Visitor: 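One structure coming up, written as structure tokens, with questions to follow.
Position 1 is the first residue of the sequence, and the numbers go up from there. In this text the structure is predicted, and so the values were computed from the model without any measurement.
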Amino acid sequence: MNDFIQAERLKQFLLKIYRCKKDFELLVIDKKPKTRMGVYIVNKKRIRIYSKWICEAPLEEIAIHEYAHHIHETEKRKSTDWRVERVHGPEFWRIYSALCCKASLKGMYHDELISDIL
């Protein structure tokens, strides 16, 4: 599957979990940087997912993580002071957890760690 088709598939996957209020761009990049599986670029509202990490984590999981950043930044952030509200702070993790749970309950995503709880 080429990167453009993969990106569109992942974007539709995310929108079925939760339809965000602000549009975003999603790119799948055929790389494996040393330090990140994906990145959310705030000022461009762009999610980049690095597809070579698929052995370590499903692309859907990486996409949910970056989508949680998008929702946090565009809908839920309470403070513009990054020292008060961290990128991976409690608010972000609540959003990420809610997205994972919702995807699991819809049968779109399976996580062994939480499947017995749901």
Visitor: From Ser104 OG over to Leu99 CG, what is the distance, rounded to the nearest 0.5 angstrom?
Guide: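 Between atom OG of Ser104 and atom CG of Leu99 there are 10.5 Å.
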Visitor: Sequence neighbours left out, what passes side-chain contact (heavy atoms from CB on, under 4.5 Å) with Arg46? Give chain and number order.
Guide: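 Result, side-chain contact (heavy atoms from CB on, under 4.5 Å) vs Arg46: Glu25, Leu27, Ile41, Lys44, Arg48.
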Visitor: Does the side chain of Thr74 come within less than 4.5 Å of Lys21's, by heavy atoms?
Guide: no
Visitor: In Å and rounded to the nearest 0.5 Å, what is the CD1 to CD distance from Ile5 to Glu8?
Guide: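 It comes to 10.0 Å.
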Visitor: Please determine whether the number of non-hydrogen atoms from other residues, nucleotides or ligands lying under 6.0 Å from atom NZ of Lys32 exceeds 12.
Guide: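 Counting neighbours around NZ of Lys32, more than 12 heavy atoms of other residues, nucleotides or ligands fall under 6.0 Å, so yes.
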Visitor: Any side-chain heavy atom of Met37 sitting closer than 4.5 Å to one from Tyr50?
Guide: no
Visitor: Kindly state each residue pair satisfying salt bridge (Lys or Arg N to Asp or Glu O under 4.0 Å) with at least one member in residues 10-20, sequence neighbours excluded.
Guide: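 Applying salt bridge (Lys or Arg N to Asp or Glu O under 4.0 Å) to every pair that reaches into residues 10-20, excluding sequence neighbours, yields Lys11-Asp23.
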Visitor: Please evaluate residues Ile47 and Leu10 with respect to the criterion side chain to side chain contact (heavy atoms under 4.5 Å, CB included), reporting the C-alpha separation (whole Å), side-chain torsions for both, the decisive distance (0.1 Å), and the verdict.
Guide: CA-CA 11 Å; Ile47 293 172; Leu10 287 171; over 6 Å; no
Visitor: Supply the atom-to-atom distance Glu91 CD to Arg94 CZ, rounded to the nearest 0.5 angstrom.
Guide: 5.5 Å
Visitor: Take the angle between the ring planes of Phe92 and Tyr96 and call it parallel below 30°, perpendicular above 60°, tilted in between.
Guide: parallel
Visitor: Leu59 and Ser51: which non-hydrogen atoms are nearest, and at how many Å?
Guide: CD2-CA, 3.9 Å
Visitor: Working to the nearest 0.5 Å, report the span between NZ of Lys52 and CD1 of Ile29.
Guide: 12.5 Å
Visitor: Considering only distance and modelled atom types, tabulate donor-acceptor pairs under 3.5 Å from the side chains of residues 61-72, sequence neighbours left out.
Guide:
| from | atom 1 | to | atom 2 | distance (Å) |
| --- | --- | --- | --- | --- |
| Glu61 | OE1 | Tyr109 | OH | 3.2 |
| His65 | NE2 | His69 | NE2 | 3.2 |
| His65 | NE2 | His88 | NE2 | 3.1 |
| Glu66 | OE1 | Tyr40 | N | 3.1 |
| Tyr67 | OH | Tyr18 | O | 2.4 |
| Tyr67 | OH | Cys20 | N | 3.3 |
| His69 | NE2 | His88 | NE2 | 3.1 |
| His70 | ND1 | Tyr40 | OH | 2.7 |
| His70 | NE2 | Lys22 | O | 2.8 |
| His72 | NE2 | Glu85 | OE2 | 2.7 |

